[in-house]
Number of protein chains: 2
Amino acid sequence: MAAREPNRSAEQLETRHRILREAATLFADKGYAATTTREIAAAVGVQQPSLFHHFGSKQEILDSLLRVSIEVPAATLKALVRQEGSPAERLMAHLFLDARHILSCPYNLLGLHADDVLLGDFGRWRAKLDELHRGIRRLVRSAVQEGEFVAVEPEFAQWTLTGGTLAVIRIHGGAPRPRPDRTAWQASRLLTRMYLARPETLDACQRGASEIVDRIRAEATPEDSPADKPKAKEKVKEKEVAP
Amino acid sequence: MAAREPNRSAEQLETRHRILREAATLFADKGYAATTTREIAAAVGVQQPSLFHHFGSKQEILDSLLRVSIEVPAATLKALVRQEGSPAERLMAHLFLDARHILSCPYNLLGLHADDVLLGDFGRWRAKLDELHRGIRRLVRSAVQEGEFVAVEPEFAQWTLTGGTLAVIRIHGGAPRPRPDRTAWQASRLLTRMYLARPETLDACQRGASEIVDRIRAEATPEDSPADKPKAKEKVKEKEVAP
DNA sequence: GTCTATAGCGTGATAGAC
DNA sequence: GTCTATCACGCTATAGAC
């Protein structure tokens, strides 16, 4: 990287962002292994070797996307377990935060949840994701023990709930949604309802979850975004990919 | 990843079936594109070119597995729409049949649902799967209209329900389950419960679904009714597809 | 920062002996 | 039916001009 350049040109950031964006879409469509660097370059509108000016390797592109996909949810879940509130409320808060993160993300994160990615040479992210899943299973187990949830295998519940998050990604598809909060609450309500022993307590559960979300937002640092996280105020233009 | 040891317990099977079995496991672990024919051969315990005596290409291996994974559920859903019963009951019957098919299948079908497979050069199977998803969305839409289900986007419901089927595959993992019917009913009960407007009607819904399943089974085996054909549910044995 | 040209390698698949 | 040997191709990544 040009160390003596005082200002990283907006052009470079733009290209880097577009690479991530197009790569994420292609990974979602065809999978990571099946996507070639030539296809990514073609979607961005540059020649294939030009990618390697911005990223050291194809895996590095995936790595940057995985950071967005996994690091944020893992951090929020970690914040969640310290919060007060019943297990079901905390689980619902997690489901909401996860869904809203997806709906606010400018990249299509679908391909990053495929097994060829998570079981490949990405032990670092795999470990983080396992931690996430363990946290969810722990919350499910507590909710079942306290009678909030019906009897269910924690592992099955975890896979259906994370599968529900995938459903949010599928419907989202990388396109901006009008009201992310509303959609995220809808999804988390349905997923929580699946296991709630007394479904009529869903509204109360959501109120508890909402309070937890507010508390986390209050204690969270304003800038929680490393270099790869694109600005919330995005100037993402509609892509004009040469097919 | 380390090369897998040849599966000695499977050495008695036909080589062709062992190839399918080991390939399915590898596809589930690493994805289709990331799995090499050399890895499949190593898992089976033969040299790589020997695979091509049994299958014309790597894609042909995948094709044989996709037939097992998609053709059976598509056929049962087609039989379902002709049955009497409320939309929720028919949907629950589908979820049960799908789960039981998975739990009775000797192959790990997880990798076949990955997007790199279904969006690749397999338009034939992709079309069949789309048909399946459309059928599910149609049942969801009817159930919502009739007040059996809570208000929900059919597309979201379809992805969560098919995601729930994936959860069954994940827990199954290709290993035999003691009581497939019991596990399949548990899963379909939870998934149906997610959208049932009045969860207290779940038992009634299951009774209706069970009757539909029985009717389908009756019409699926209309001609062969020798004396030794038992009707016990647990006796249902999925015959391996040997094309 | 992007380009052209190409290296280096692993892949799916084939040929022919046994 | 399985083996050894090998091909032809497409892939990621590098080198160096501009």
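In what follows, chains carry the letters A, B, and so on, assigned in the order in which the sequence lines appear, proteins first and then strands, with residues in each chain numbered from 1.
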### Message
What contact category does Thr36(A) fall into here, base, sugar-phosphate, or nothing, at under 4.0 angstrom with non-hydrogen atoms?
### Response
sugar-phosphate
### Task
Please determine which of Ile61(B), Leu109(B), Val117(B) meets the side chain to side chain contact (heavy atoms under 4.5 Å, CB included) test together with Leu66(B).
Val117(B)
### Query
Do the charged groups of Arg21(B) and Glu14(B) touch, with an N to O distance under 4.0 Å?
no
### Residue whose nearest DNA chain C nucleotide is more 5′ - Arg38(A) or Gln47(A)
Gln47(A)
### Task
Nearest whole angstrom, please: distance from the P of dG12(C) to the CG of Leu62(B).
13 Å
#### Entry: Under 3.5 Å donor-acceptor, Glu22(A) side chain and Ile19(A) backbone
no
### Query
Could you give the CZ-to-C1' distance, from Phe52(A) to dT6(C), as a whole number of Å?
14 Å
### Task
Ignoring backbone atoms, test whether Gln48(B) places a side-chain nitrogen or oxygen under 4.0 Å from the OP1 or OP2 oxygen of dA13(C).
no
## Note on the structure
Sorted by chain and number, sequence neighbours left out, side-chain contact (heavy atoms from CB on, under 4.5 Å) with Arg134(B) holds for Asp130(B), Glu131(B), Arg137(B), Arg138(B)
### Task
Check for a donor-acceptor pair, side chain of Thr162(B) on one end and backbone N or O of Gln158(B) on the other, with a separation under 3.5 Å.
yes
#### Entry: 5' to 3' contact window, DNA chain D with chain B (heavy-atom distance under 4.0 Å)
dG1(D) to dA5(D)
### Query
Under 4.0 Å between a Lys/Arg side-chain N and an Asp/Glu carboxylate O for Glu155(A) and Arg170(B)?
no
